Amino acid sequence: MRIEQMVLGMVGTNCYLAVNEAAGQLVIIDPADDPQRIMQKIEQTGAVPAAILLTHGHFDHIGAASALKEHYQIPVCCMRQELDTLRDPQINLTGMGGRAYTMEADTLLEDGQELALAGLSIRVLHTPGHTAGGACYYVEEAAVLFAGDTLFQESVGRTDFPTGSMGQLVRSVREKLLTLPGDTRVLPGHGPATSIEWEQRHNPFL
């Protein structure tokens with residue numbers, strides 16, 4: 001698996017393409033903004049998109065999702081518990097910017113579910129705390145975790161937005177993420193990559 005990263009939007013959100021070169025397909029994780037730029041990057045990979053995975057429904061992670069869904073005719077996937085966030089501008093925070101935005105997911109995910117997308121096996125980890133339906137996506141074969149805004153380098157996601165809970169977030173990280181192998185590379189929704197082992201040793205929130 002090859003990973004392409006773009007930093008998009010007003011708050012510098014990491015959008016990832018998980019590319020399976022052998023299968024000629026890819027998965028889009030958190031298409032934050034600027035669909036044209038994402039499409040250009042996809043064309044450069046030579047791979048065909050299979051699906052869009054959302055770690056959560058905040059405005060800075062979903063801005064290009066509808067455009068990419070329509071262009072490539074692919075499903076948008078998120079946790080079942082995140083539907084209210086996608087559907088409510090006050091929860092997904094698009095209402096704060098004066099451009100209220102809602103969208104629907106095509107595939108609702110469950111905790112522990114194993115997804116077969118683009119020839120990759122991707123495990124769904126429900127990690128509430130930043131939002132009620134926050135999720136991380138673990139590709140065991142590649143030792144990679146797409147962490148969204150659940151876990152950052154030496155930090156964790158904010159919990160002062162609607163449906164957030166610091167207690168839930170810390171439990172999610174301790175019980176779902178820190179139990180992964182230490183050499184797992186953590187690719188967060190903002191900022192630099194880290195590893196499970198590094199966060200076990202250095203994250204002051206945990």
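Hydrogens, waters and symmetry mates play no part in the numbers below; they use all other heavy atoms, side chains included. If you're wondering where the values come from, they're calculated on a predicted model, not measured in any experiment.
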_Under the side chain to side chain contact (heavy atoms under 4.5 Å, CB included) test, residues paired with Asn203 that sit two or more places apart_ = Leu151, Val156, Glu199, Phe205, Leu206
*Not counting sequence neighbours, list each pair that qualifies as a ring pair (Phe, Tyr, Trp, His ring centres under 6.0 Å) and has a residue in residues 20-39.*
none
*Which of these passes side chain to side chain contact (heavy atoms under 4.5 Å, CB included) with His56: Thr163, Asp149, Leu86, Ile62?*
Asp149
*Is there side-chain contact between Met1 and Ile3, with at least one heavy-atom pair below 4.5 Å?*
yes
*asked:* Check for me whether the distance between the ring centres of His190 and His61 falls short of 6.0 Å.
replied: yes
*asked:* Can you list everything that forms a ring pair (Phe, Tyr, Trp, His ring centres under 6.0 Å) with His202? Sequence neighbours excluded, please.
replied: Trp198
*Please identify each residue that fulfils ring pair (Phe, Tyr, Trp, His ring centres under 6.0 Å) with Phe146, with sequence neighbours left out.*
Tyr16
*Keeping the roles fixed (side chain from His130, backbone from Arg158), state whether a donor-acceptor pair exists under 3.5 Å.*
yes
*Have Ser172 and Thr127 got a donor and an acceptor in their side chains that come within less than 3.5 Å?*
no
Donor-acceptor pairs are to be reported for all side-chain atoms of residues 118-125 against protein atoms at under 3.5 Å, with residues two or more places apart or in another chain.
residue : atom : partner : partner atom : Å
Ser121  : OG   : Glu114  : OE1          : 3.2
Arg123  : NE   : Glu114  : OE2          : 2.9
Arg123  : NH2  : Glu140  : OE1          : 3.3

*For residues Asp60 and Asp33, determine if any side-chain heavy atom of one lies less than 4.5 Å from a side-chain heavy atom of the other.*
no
*Same hydrophobic cluster for Tyr137 and Val27, using side-chain heavy-atom links shorter than 4.5 Å among ILVMFWY?*
yes
Distance-only donor-acceptor hits, side chain of residues 72-80, under 3.5 Å, sequence neighbours excluded:
residue : atom : partner : partner atom : Å
Gln73   : NE2  : Glu70   : O            : 2.8
Arg80   : NE   : Glu110  : OE2          : 2.8
Arg80   : NH2  : Glu110  : OE2          : 3.0

